[in-house]
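Numbers for residues simply follow the sequence, beginning at 1. Whatever order the structure lists ligands and atoms in, that order sets their numbers, starting from 1.
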Amino acid sequence: MSKLIAPSVLAADFANIQRDIEMLNNSEADWIHIDVMDGVFVPNISFGMPVIKAIQKHAKKTMDVHLMIVNPDKYIETFKSIGADVLTVHYEACTHLHRTLQAIKASDMQAGVALNPHTPISVLEDVINDIDLVCIMSVNPGFGGQSFIENTYKKVIQLKDLITKSSAPTKIEIDGGVTNKNAHKLVSAGADILVAGSYVFKNENPTQTIKDLRALVNS
Ligand code: DX5
Ligand code: ZN
């Protein structure tokens with residue numbers, strides 16, 4: 001499978017959300033990454049259902065929704081109804097992770113689990129075959145524009161090893177501080193999907209930046 005680029009709309013211009021989503025539709029972006037923060041699980045609030053609905057109205061690509069919220073189980077069906085194709089919950093926010101994963105799949109979405117930088121890969125050993133995607137956080141979740149944490153490479157290699165040993169279908173996503181400086185090394189370590197917020201949207205030419213990043217990781 002070719003490596004995927006998932007621009008994060010957290011760094012988009014919310015006053016021009018239609019323009020920015022259409023830019024992504026017309027670019028080489030594969031997925032649209034959508035960050036939901038509740039001010040409880042993380043020290044920031046991003047946006048909720050009405051904004052995601054507005055994105056859905058225009059989005060023509062896979063909607064990859066990353067929930068940085070407590071009690072995600074409460075909202076699984078709601079996120080499906082507003083367009084989520086992939087729904088990722090945090091390991092640290094789920095007491096009954098196995099149940100949550102089954103509920104996401106029962107709602108006909110791909111089930112993802114995100115791990116904070118301090119959470120070891122080994123916690124997923126007993127559920128890896130139930131996970132469609134593991135999102136390794138390469139920054140502490142809550143804000144865009146932070147610096148990439150170098151320990152991430154080691155975690156990608158460990159996760160790839162676990163997936164291979166378990167013959168699991170799981171994809172590896174990296175989220176936070178992704179740029180052209182670390183993208184190639186990340187996919188060489190085993191990453192399948194790279195999320196990029198600031199690096200794409202703060203660039204003068206986001207369409208070209210996405211194209212270059214995609215070419216870099218598929219070279
Ligand atoms: C961080 C979010 C990220 C964020 C990435 O909590 O989960 O998806 O948008 O932004 P950058 O690429 O700017 O680090
Ligand atoms: Zn994210």
- Message: Pair Arg99, Asp73 - check salt bridge (Lys or Arg N to Asp or Glu O under 4.0 Å), show working.
- Response: CA-CA 9 Å; Arg99 179 186 291 151; Asp73 303 67; over 6 Å; no

- Query: Quick one: do Phe14 and Val65 end up in the same hydrophobic cluster if we chain Ile, Leu, Val, Met, Phe, Trp and Tyr together by side-chain heavy atoms under 4.5 Å apart?
  - Reply: yes

- Message: Taking Val139 as the starting point, is it possible to reach Ile34 by hopping between hydrophobic residues whose side chains are less than 4.5 Å apart?
- Response: no

- Query: Can Lys171 and Asp132 be counted as an ion pair, charged N to O under 4.0 angstrom?
  - Reply: no

- Answer yes when Asp30 and Lys61 have at least one side-chain N-carboxylate O distance shorter than 4.0 Å, and no when they do not. no

- Is the count of non-hydrogen atoms from other residues, nucleotides or ligands lying under 6.0 Å from Gln208 atom CD greater than 12? yes

Could you go through ligand 1 and list every pair where one of its N or O atoms sits under 3.5 Å from a protein N or O, giving the atom names and the distance to one decimal?
residue: ligand 1; atom: 6 (O); partner: Gly142; partner atom: N; Å: 2.8
residue: ligand 1; atom: 7 (O); partner: Asp35; partner atom: OD1; Å: 3.0
residue: ligand 1; atom: 7 (O); partner: His66; partner atom: ND1; Å: 3.2
residue: ligand 1; atom: 7 (O); partner: Asp175; partner atom: OD2; Å: 2.9
residue: ligand 1; atom: 8 (O); partner: His33; partner atom: NE2; Å: 3.3
residue: ligand 1; atom: 8 (O); partner: Asp35; partner atom: OD1; Å: 3.1
residue: ligand 1; atom: 8 (O); partner: Asp35; partner atom: OD2; Å: 2.8
residue: ligand 1; atom: 8 (O); partner: Asp175; partner atom: OD1; Å: 2.6
residue: ligand 1; atom: 8 (O); partner: Asp175; partner atom: OD2; Å: 3.0
residue: ligand 1; atom: 9 (O); partner: Ser8; partner atom: OG; Å: 2.8
residue: ligand 1; atom: 9 (O); partner: Asp35; partner atom: OD2; Å: 2.9
residue: ligand 1; atom: 12 (O); partner: Gly197; partner atom: N; Å: 2.8
residue: ligand 1; atom: 13 (O); partner: Gly145; partner atom: N; Å: 2.8
residue: ligand 1; atom: 13 (O); partner: Ser198; partner atom: N; Å: 3.0
residue: ligand 1; atom: 13 (O); partner: Ser198; partner atom: OG; Å: 2.4
residue: ligand 1; atom: 14 (O); partner: Gly177; partner atom: N; Å: 2.8

Could you check which N/O/S atom of [X] is closest to the Zn ion (ligand 2)?
{"X": "Asp175", "value": "OD2"}
{"X": "Asp35", "value": "OD1"}
{"X": "His66", "value": "ND1"}

- Could you go through the ring pair (Phe, Tyr, Trp, His ring centres under 6.0 Å) check for Tyr199 and Phe148 one step at a time? CA-CA 12 Å; Tyr199 182 65; Phe148 179 83; over 10 Å; no

